[in-house]
Amino acid sequence: MADPLRGWGCRELFLLSMLLGTLWGAGARQIRYSVLEELDKGSFVGNIAKELGLDSWELAERGARIVSRGRTQLFALNPRSGSLVTAGRIDREELCAQSTRCLVSFNILVESKMKMYGVEVEIIDINDNFPRFRDEEVKVKVNENAAVGTRLVLPFARDADVGVNSLQSYQLSSNMHFSLAEKSDTDGQKYPELVLEQPLDREKVAVHDLLLTALDGGDPVLSGTTHIHVMVLDANDNAPLFTQSEYRVSVPENIALGTRLLTLTATDPDEGINGKLTYSFRNEEDKISETFQLDSNLGEISTLQSLDYEESRFYHMEVVAQDGGALLASAKVLITVQDVNDNVPEVILTSLASSVSEDCLPGTIIALFSVHDGDSGENGEITCSIPRNLPFKLEKSVDNYYHLLTTRALDREEISDYNITVTVTDCGNPPLSTENHIFLKVTDINDNPPVFPHTLYYTYIPENNPRGISIFSVNAHDLDSGNNAQVTYSLAENKFQGTPLSSCVSINSDTGVLYALCSFDYEKVRELQMWVMASDSGDPPLSSNVSLSLFILDQNDNAPEILYPAMPTDGSTGVELAPRSAEPGYLVTKVVAVDRDSGQNAWLSYRLRKASDPGLFTVGLHTGEVRTARALLDRDALKQSLVVAVQDHGQPPLSATVTLTVAVADSIPDVLADLGSLKPSADPEDSSLTLYLVVAVAAVSCVFLAFVIALLALRLRRWHRSRVLQASGGGLAGAPASHFVGVDGVRAFLQTYSHEVSLTADSRGSHVIFPQPNYADTLVSRESCEKSEPLLISEKINAKETELVLQQAPPNTDWRFSQAQRPGTSGSQNGDETGTWPNNQFDTEMLQAMILASASEAADGSSTLGGGAGTMGLSARYGPQFTLQHVPDYRQNVYIPGSNATLTNAAGKRDGKAPAGGNGSKKKSGKKEKK
């Protein structure tokens, strides 16, 4: 806003204020000042101290202050300069509005004098306000038929300033139709008016835009504007007009209901009610009004119901447009209906078989149906199809009928039912199709036998099982259904150990569970083979079978059986001989035992349970060999009693015991001398038998000495190898007299090795053959055991008249077993724990056999102590030849501890072939006998 006093300096304003204050305060003690509005805060108004006759510094000292009545303080006292200043910016229009003069009155109190002074300040207006219209835009309406000179009232402007700074005049923008006129009121307010200078035509110019400007008289001049919109009101001087005289449209017959087909457009230059058009059908038929709808305001034609090309292909109608002044226009409309593929083909089932047997022949008719399409032309042509992977086909019959046939045999087990999709498609663009589902069930026939999941079954059952226990369960599956899939189980007729299998095992015909009807014994039967049959309930029934192997598992139900020493039947006691010169580890005898069980249940261990002298003998844990634990002393008793326990490794373990009697003596005479000190038997027959045995032992000893001398002489003459002669002589000289001597009627038996001894009482010579040891699984050097010449012994022993020939190869010093040949049971090992056979003991055993044979002949020429002639008296107890070949072979049941090997049956080697040395000896002995 322009300030008219802006060019004045502070000095001029101060002088002007002082002058006015002096003039006003001279007569009425009223202090008057004038000040321009909108000055900054602190602007000088007047020197109030001077007006009060005070110095500037006294103004604050005397307590001068401004007192006003409830109005905002506009002025303030400056205590330093003693002048009156503005307290803020002063707006004259806010204080006095449109008043010609604007005075502000207040009092100044001087407290020291208790005196009030009146002050009046005039606020001088400056041109700081623009002329303002109430609205920035104003609409003025005028009829297009208005006459020239018509006046239109316009809005006026207001200016907050007064005097020359207030509103002074108006100006109108240049135009061809209007001019501006001013009209003043009694209060001086000026009002503008618009005067029509030329006629109006709304169709040419509907709105005239003018700019009205209001100007004040300030310097510089301030102005305000407003926009005047002169709205020319229409008169109905124009008729409606369509853009086309005829409208054509083509629509598909499947158009949706309510779809807009076309829009008719008519125009009317008039406006308002004169230009508002309404549309309507003229002379329409009922069919047109039922099928189509015309929007009266928009002129849009839409469908009320579906169109059908086959019913009507064309529709003709006339549409009228009318304005509000009753003026109208008309146009023709032609709607063409286009044919489309809007009908889906239909499938009508005439005949249908719900099920068919799986053994039906190819070509069997399943269904008969027809197809139909409501369209015409290509849209009504139909093709029919089914999936290619089905065993069916379609054959066209008369008109639109089709047959559904089978093409091959059906299998219910593969597919039990079919969901056949028949697809019918027309030839329209795009083609339409429909699907119809035919459900066909395949009925079952009995064409599948029951099938077991496995071709072979096997199961295990422990022996001593309770009767009626469940053994195993089989299950067969039949792919058929219903009765054809109902399976019953049975066992094939068979015999087991002469009895029908059904007496041992039964099966539940419904569940296939097998039951044991008897208690099985592993030692009698180890495996049971049977056939399980499964039959269905079809007509005819089908069946299948499967092999079932029932393995009996061994349990520890047999205690160890001691084979040697065997319990005598005559009540006598067996005695083993141990020379007093025996070193520690000397083999006294061996306990042989077997267990009818197998596996771990047949592993045997030997322990010395009781002994007369516990520290004198030891028993091999796994071999059963009884050996001396220390050297025999003179104070040791002649008769030693040992109780040996044999125990298996089953759960729980079973055991057996045997009592051994060992006679301790250095030589045969000592034995005879010491035998007298034994307690005689109470039975007279036992005493006589003992006497016979003592005489026999003495005779055998004499024969043994003669035989040793003859043998030494024979070897010295035929063999010229001194080292072999010395070794053989030394071994024979140190050999014990006997290894096993019968006492109290007990017959003698050599357990370490098995020799074949033939003593004939009625022949001139007796044969003693030393073959290879017959223990199974024992490897012996063939050269060391074969005898090239038999030993001929005459009934009358005379070294001068009888030529004794003995040829023997030097023994092999290494008699060890290989790992695979070492058995694990006590009955098949002969030697120490390391598997090495003592050579001296072998020679000693040969001599003992000869002595025992001679003793038997001397005691009873007819071998009354034996079972028959030439058996050396061993047949009564162990048969003609005791080689353990008549003992049941349990070695296949025994596992070797520490190895995965199992003893094999070597009975063929033992029984099938005689030792070569034995046969050769017999032949040569015949020749010798003739000589």
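When a residue number appears, it is its place in the shown sequence, counting from 1. Source: prediction; values computed, not measured.
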field: side-chain contact (heavy atoms from CB on, under 4.5 Å) between Ile48 and Ile108, intermediate numbers included
entry: CA-CA 9 Å; Ile48 195 66; Ile108 295 179; 3.2 Å; yes
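- Pro387 is not listed as a side-chain neighbour of Thr423, based on a closest heavy-atom distance of 4.5 Å or more.
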N/O donor-acceptor pairs under 3.5 Å from side chains in residues 319-336, not counting sequence neighbours:
| unit_1 | atom_1 | unit_2 | atom_2 | d |
| --- | --- | --- | --- | --- |
| Asp323 | OD1 | Gly325 | N | 3.1 |
| Asp323 | OD1 | Ala326 | N | 3.2 |
| Asp323 | OD1 | Leu327 | N | 2.8 |

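- With hydrogens and angles ignored, the 3.5 Å screen pairs no side-chain donor or acceptor of Ser280 with any backbone N or O of Ser296.
- Inter-residue side-chain proximity for Leu52 and Lys113 is flagged as unmet; no heavy-atom pair is nearer than 4.5 Å.
- Distance check: Ile386 CD1 to Leu394 CG gives 4.5 Å after rounding to the nearest 0.5 Å.
- With hydrogens and angles disregarded, a donor-acceptor distance shorter than 3.5 Å links the side chain of Asp161 to the backbone of Asn129.
- Rounding to the nearest 0.5 Å places CG of Leu264 at 11.0 Å from CG of Asp295.
- Residues passing the ring pair (Phe, Tyr, Trp, His ring centres under 6.0 Å) test with Tyr247, sequence neighbours excluded: none.
- Between Pro345 and Val371, every side-chain heavy-atom pair lies at or beyond the 4.5 Å cut-off.
- No side-chain donor from either of Asn343 and Asp373 sits under 3.5 Å from a side-chain acceptor of the other.
- Within 6.0 Å of CD1 on Ile273 lie no more than 12 heavy atoms contributed by other residues, nucleotides or ligands.
- To the nearest 0.5 angstrom, Leu294 atom CG is 11.5 Å from Ile288 atom CD1.
- Put simply, the side chain of Thr226 gets close to the backbone of Asp135: a donor and an acceptor are under 3.5 Å apart.
- Within 6.0 Å of CE on Met116 lie more than 12 heavy atoms contributed by other residues, nucleotides or ligands.
- For Glu136, the CD atom sits in a loose shell: 12 or fewer heavy atoms of surrounding residues, nucleotides or ligands are nearer than 6.0 Å.
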For residues 195-211, run the donor-acceptor check on the side chains, cut-off 3.5 Å, and write out each pair with its distance to 0.1 Å, sequence neighbours left out.
| unit_1 | atom_1 | unit_2 | atom_2 | d |
| --- | --- | --- | --- | --- |
| Glu197 | OE2 | Ser179 | OG | 2.4 |
| Asp201 | OD1 | Glu203 | N | 3.2 |
| Arg202 | NE | Asp234 | OD1 | 2.9 |
| Arg202 | NH1 | Glu271 | OE1 | 3.4 |
| Arg202 | NH2 | Pro269 | O | 2.1 |
| Glu203 | OE2 | Asn238 | ND2 | 3.2 |
| Asp209 | OD1 | His229 | ND1 | 2.5 |

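- Thr383 is not listed as a side-chain neighbour of Val424, based on a closest heavy-atom distance of 4.5 Å or more.
- Inter-residue side-chain proximity for Lys287 and Ser312 is flagged as met; some heavy-atom pair is nearer than 4.5 Å.
- Between Leu84 and Leu77 the shortest side-chain heavy-atom distance falls below 4.5 Å.
- Remark: the backbone N or O of Phe369 is not paired with any side-chain donor or acceptor of Thr350 at under 3.5 angstrom.
- Rounding to the nearest 0.5 angstrom, the gap separating the CG atom in Leu352 from the CZ atom in Phe439 is 11.0 Å.
- What you find for Thr425 and Ser433 is that their closest heavy atoms are OG1-CB, 3.3 Å.
- For the side chain to side chain contact (heavy atoms under 4.5 Å, CB included) with Cys102, the qualifying choice from Glu122, Arg92, Glu93 is Arg92, the only one to do so.
- Across every non-hydrogen atom of Leu432 and Asn341, the tightest pair is CD1-O, 2.9 Å.
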message = The test is side-chain contact (heavy atoms from CB on, under 4.5 Å); show your working for Gln171 and Leu215 and say whether it passes.
response = CA-CA 8 Å; Gln171 291 181 358; Leu215 304 173; 3.3 Å; yes
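- Scored by the ring pair (Phe, Tyr, Trp, His ring centres under 6.0 Å) test, Phe106 finds Phe75 as partners (sequence neighbours excluded).
- In the displayed structure, Glu182 atom CD is contacted under 6.0 Å by more than 12 heavy atoms of other residues, nucleotides or ligands.
- In this pair, Tyr170 and Phe133 present their aromatic rings tilted. The plane angle is within the 30 to 60° band.
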### Task
In sequence, state the C-alpha distance, the side-chain angles, and the governing distance for Val164 and Asp219, and then conclude on side-chain contact (heavy atoms from CB on, under 4.5 Å).
CA-CA 9 Å; Val164 69; Asp219 185 16; over 6 Å; no
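- Of all heavy-atom pairs between Pro155 and Leu212, the closest is O-CD2, 3.8 Å.
- Nearest heavy atoms, Lys190 versus Phe156: O-CB, 3.8 Å.
- Checked by atom type and distance alone, the side chain of Asn175 pairs as donor or acceptor with a backbone atom of Phe178 at under 3.5 Å.
- A side-chain donor-acceptor contact under 3.5 Å links Asp125 to the backbone of Val162.
- The closest side-chain heavy-atom distance from Asn143 to Thr150 is not below 4.5 Å.
- Taken to the nearest 0.5 Å, the CD1 atom of Ile301 stands 12.0 Å off from the OG1 atom of Thr291.
- Checking side-chain atoms of Ser83 against main-chain N and O of Asn78 turns up no donor-acceptor pair under 3.5 Å.
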Walk me through it: do Tyr33 and Val104 pass the test side-chain contact (heavy atoms from CB on, under 4.5 Å)? CA-CA 10 Å; Tyr33 296 103; Val104 177; over 6 Å; no
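- Between Asp40 and Arg89, at least one side-chain N (NZ, or NE/NH1/NH2) sits under 4.0 Å from a carboxylate O, which counts as a salt bridge.
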Between side-chain atoms of residues 249-263 and protein atoms elsewhere (two or more places apart, or another chain), which donor-acceptor pairs fall under 3.5 Å?
| unit_1 | atom_1 | unit_2 | atom_2 | d |
| --- | --- | --- | --- | --- |
| Glu253 | OE1 | Tyr309 | N | 2.7 |
| Glu253 | OE2 | Val340 | N | 3.1 |
| Thr259 | OG1 | Ala256 | O | 2.7 |
| Arg260 | NH1 | Glu300 | OE2 | 3.0 |

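- Atom CD in Glu318 sits 4.5 Å away from atom CZ in Arg282 (nearest 0.5 Å).
- Checking side-chain atoms of Gln168 against main-chain N and O of Ser166 turns up a donor-acceptor pair under 3.5 Å.
- Annotation: side chain of Pro131 is in contact with side chain of Leu222 (closest heavy-atom distance under 4.5 Å).
- Tyr279 is linked by a ring pair (Phe, Tyr, Trp, His ring centres under 6.0 Å) to nothing, counting only residues two or more places apart in sequence or in another chain.
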